[in-house]
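The structure appears below as structure tokens.
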Number of protein chains: 2
Amino acid sequence: MKITTNVIILQKASSVKRKSAGEILKTLRVPEATVSRLSIYSRFLERLDKNGITTVSSGEIADGVGVSPAQVRKDLAYFGDFGTRGVGYNVKDLLKYTLKILGLDQEWPLAIVGAGNLGFALCTNRGFSVRGFHIAGVFDNNSTRIGKQIGNLEVKPLAQFPEIAKKENIRIGIIAVRTSLAQEVADIMVKSGMQAILNFSPVTINVPEDIEIRNVDLSIKLELLTFNLGIKTTQSL
Amino acid sequence: MKITTNVIILQKASSVKRKSAGEILKTLRVPEATVSRLSIYSRFLERLDKNGITTVSSGEIADGVGVSPAQVRKDLAYFGDFGTRGVGYNVKDLLKYTLKILGLDQEWPLAIVGAGNLGFALCTNRGFSVRGFHIAGVFDNNSTRIGKQIGNLEVKPLAQFPEIAKKENIRIGIIAVRTSLAQEVADIMVKSGMQAILNFSPVTINVPEDIEIRNVDLSIKLELLTFNLGIKTTQSL
DNA sequence: AATATTATGTGAAAATTACAACAAATGTAA
DNA sequence: TTACATTTGTTGTAATTTTCACATAATATT
Ligand SMILES: NC(=O)c1ccc[n+]([C@@H]2O[C@H](COP(=O)([O-])OP(=O)(O)OC[C@H]3O[C@@H](n4cnc5c(N)ncnc54)[C@H](O)[C@@H]3O)[C@@H](O)[C@H]2O)c1
Ligand SMILES: NC(=O)c1ccc[n+]([C@@H]2O[C@H](COP(=O)([O-])OP(=O)(O)OC[C@H]3O[C@@H](n4cnc5c(N)ncnc54)[C@H](O)[C@@H]3O)[C@@H](O)[C@H]2O)c1
């Protein structure tokens with residue numbers, strides 16, 4: 001009997017509904033935190049695999065990434081039974097499963113808008129390719145940047161975004177322009193058919209409900225740190 | 001009657017205990033998510049203030065940053081009564097309070113280790129100064145990078161980290177070296193007295209309990225997006 | 001073959017976080 | 001002055017997430 005799993009992640013994620021006649025439709029609600037941890041587990045498994053380790057327990061994964069063993073098992077249990085009781089998990093297999101779950105069993109072309117310092121760093125970042133990402137287009141609307149070569153990529157004018165995005169089959173856009181222009185760029189991305197956006201600018205971006213958007217927010221993380229350091233030294237709030 | 005507030009943030013944060021004789025000691029447990037949102041509210045208030053807006057309601061803040069009005073009020077209520085019923089919040093005052101709470105009523109010197117592409121982008125990032133951060137030192141152990149000038153900063157050898165960190169009173173270190181060296185750099189930071197670490201490398205770093213560490217994790221966010229896009233197109237997991 | 005050991009998967013309990021509803025306070029208009 | 005509209009601060013409630021505890025299964029040992 002085939003079970004089609006209907007995964008819905010909680011928190012900020014939009015709900016996803018799918019129908020599948022004649023099959024059991026199981027509605028799963030997966031915490032966003034679980035998906036994030038899955039990404040961490042997956043990277044840890046990659047390291048184990050590289051080191052020739054073939055089997056791992058939930059406890060070892062837990063130690064390796066700093067969560068509880070129960071959390072590891074619970075997280076994995078959302079997606080299936082991947083382990084063997086009394087033994088643990090096969091590293092290669094579990095790695096393959098986690099990658100599949102995260103959608104990393106395929107190549108993901110990305111588009112970056114903003115060829116400034118951050119955009120440059122992103123373009124040259126070696127980490128992407130390991131996980132199946134590659135930059136398929138970099139855009140800017142500053143004439144001093146357009147035409148510049150970054151690695152084997154040429155910075156294109158923003159006007160070409162829709163055309164190239166379509167040709168390259170890009171579904172994920174990355175915003176690396178200065179704060180005041182981020183919303184404008186997001187709008188263009190949405191119009192050009194991006195289904196997901198990763199935003200590096202420290203500002204709240206508005207997009208339609210069906211577009212996935214996440215922020216990589218340096219300031220929030222830094223200010224979380226100063227908050228914590230602050231209460232260690234401040235007499236009262 | 002003076003109330004000394006003992007703030008403890010939840011999740012990954014370490015608990016903080018303070019004593020204060022003769023005063024009411026109220027133990028607050030603040031969700032990390034609340035602190036993160038406070039950072040977002042604070043930035044939104046900065047924008048309002050810049051636009052000359054003097055009063056704002058929880059509903060307007062909520063609309064501006066994409067949360068519920070109740071959430072805004074609840075978050076603020078952890079730290080005090082900042083509003084006026086029937087009126088709302090004074091923008092300038094609330095901005096000042098949020099900055100104070102986040103520990104941003106002082107200058108924070110930062111140290112960056114890794115003068116690669118990301119390190120360079122961070123050094124030249126204009127966003128820091130607005131919130132009271134400034135890069136007080138950049139370090140690398142690659143001889144081709146040492147001595148290079150980034151803005152008005154010179155890249156120093158990593159060996160000088162402890163000395164400069166002490167002289168410049170640096171408490172927060174930023175890791176921007178390649179993944180395989182991140183733990184090593186973290187160890188040096190801890191030994192040099194850093195109390196908080198911001199890590200950009202996609203790997204789990206181990207530090208003593210009393211050191212605050214947070215990750216700015218590009219991969220997790222990207223893979224959250226591919227997870228969501230994946231379940232929209234994949235027939236079954 | 002029986003027993004011990006190890007480690008998964010899971011249902012129930014506990015903890016945490018978000019949400020909703022409303023009383024209290026303020027300002028405004030009749 | 002009174003009634004009305006607005007919006008906070010707070011209490012209770014619902015939803016979500018994590019943790020706990022253990023039955024179950026696989027392997028190792030005696
Ligand atoms: N530099 C960092 O380390 C860092 C870290 C985190 C977040 N950020 C954020 O990332 C963003 C970019 O930072 P940066 O340091 O690269 O700034 P930058 O000034 O170096 O680069 C901005 C780039 O965007 C381009 N641009 C501006 N408007 C555009 C538009 N409408 N369309 C296309 N391109 C446009 C500019 O020409 C420039 O090349 C900022 O919002 C910043 O706050 C930067
Ligand atoms: N480039 C990006 O956009 C980006 C984004 C997110 C995360 N990251 C992560 O940030 C890290 C750095 O990325 P990058 O693109 O700047 O890489 P990079 O190769 O350009 O720079 C790495 C720098 O660290 C220096 N370094 C290496 N070992 C060191 C040590 N022991 N002490 C001091 N310095 C040392 C190197 O000399 C080099 O200058 C990586 O872990 C990467 O995964 C990069």
Side-chain angles (χ1 to χ4, degrees), chain A residues 3 5 7-13 15 26-38 40-41 45 48 53-91 93-94 97-98, chain B residues 3 5 7-13 15 26-38 40-41 45 53-91 93-94 97-98 224:
Chain A
I3 298 181
T5 311
V7 179
I8 300 180
I9 89 164
L10 302 182
Q11 301 278 38
K12 297 181 136 189
S15 297
K26 203 174 141 201
T27 297
L28 259 189
R29 296 155 57 76
V30 183
E32 178 151 324
T34 289
V35 182
S36 297
R37 282 189 298 263
L38 220 60
I40 295 172
Y41 303 156
L45 291 166
L48 294 182
I53 294 162
T54 56
T55 305
V56 70
S57 69
S58 59
E60 288 164 338
I61 296 175
D63 285 348
V65 306
V67 300
S68 73
Q71 183 81 82
V72 172
R73 294 199 298 274
K74 196 73 176 204
D75 285 338
L76 294 173
Y78 281 107
F79 303 99
D81 298 359
F82 305 119
T84 310
R85 294 175 189 219
V87 180
Y89 304 89
N90 178 284
V91 171
D93 288 348
L94 189 56
Y97 289 131
T98 55
Chain B
I3 298 181
T5 312
V7 179
I8 301 180
I9 88 165
L10 302 181
Q11 299 281 39
K12 298 179 137 194
S15 297
K26 204 173 139 201
T27 297
L28 261 189
R29 295 156 56 75
V30 183
E32 178 149 325
T34 289
V35 182
S36 298
R37 283 189 297 264
L38 220 59
I40 295 172
Y41 303 156
L45 291 166
I53 294 161
T54 56
T55 306
V56 69
S57 70
S58 60
E60 287 163 338
I61 297 175
D63 285 349
V65 306
V67 301
S68 73
Q71 183 79 82
V72 172
R73 294 199 297 274
K74 193 70 189 264
D75 285 338
L76 294 174
Y78 281 107
F79 303 99
D81 297 0
F82 304 119
T84 310
R85 293 174 190 220
V87 181
Y89 304 88
N90 178 285
V91 172
D93 288 347
L94 188 57
Y97 288 130
T98 54
L224 214 41

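Model, not experiment: these values are computed from the prediction. Just so it is clear: chains get the letters A, B, ... in the order the sequence lines come, proteins before strands, and each one is counted from 1.
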Shortest side-chain distance from B:Lys74, nucleotide among C:dT10, D:dA26, D:dT10: D:dT10
Separation between CZ of A:Phe79 and OG1 of A:Thr34, rounded to the nearest 0.5 Å: 7.0 Å
Nearest-nucleotide comparison on DNA chain D, the residue closer to the 5′ end among B:Phe82 and A:Arg73: B:Phe82
Side-chain-base donor-acceptor pair under 3.5 Å for A:Arg85 and D:dT24: yes
Nucleotide nearest A:Asp81 (side chain, heavy atoms from C-beta), chosen from C:dT8, C:dT10, D:dT8: C:dT10
Sugar-phosphate only, base, or nothing, as touched by B:Thr34 at under 4.0 Å among non-hydrogen atoms: nothing
Side-chain N or O of B:Thr84 closer than 4.0 Å to phosphate OP1/OP2 of C:dT26: no
Between CG on residue A:Asp63 and OG on residue A:Ser57, distance to nearest 0.5 Å: 8.0 Å
Phosphate OP1/OP2 of C:dT26: any B:Tyr89 side-chain N/O under 4.0 Å: no
Below 4.0 Å: OP1/OP2 of C:dC19 and any side-chain N or O of B:Ser68: yes
N or O in side chain of A:Tyr78 less than 4.0 angstrom from D:dT16 OP1/OP2: no
Minimum-distance nucleotide to A:Ala33 side chain [options: C:dA20, D:dT18, C:dG9]: D:dT18
Pairwise distance OH(B:Tyr89) to OG1(B:Thr54) - rounded to 0.5 angstrom: 15.5 Å
Nearest non-hydrogen partners of B:Phe82 and B:Leu76, listed with the distance: CE1-O, 3.6 Å
Separation of C:dG9 C1' from A:Phe79 CZ (nearest whole Å): 15 Å
Under 4.0 angstrom between B:Ser58 side-chain N/O and D:dT8 OP1 or OP2: yes
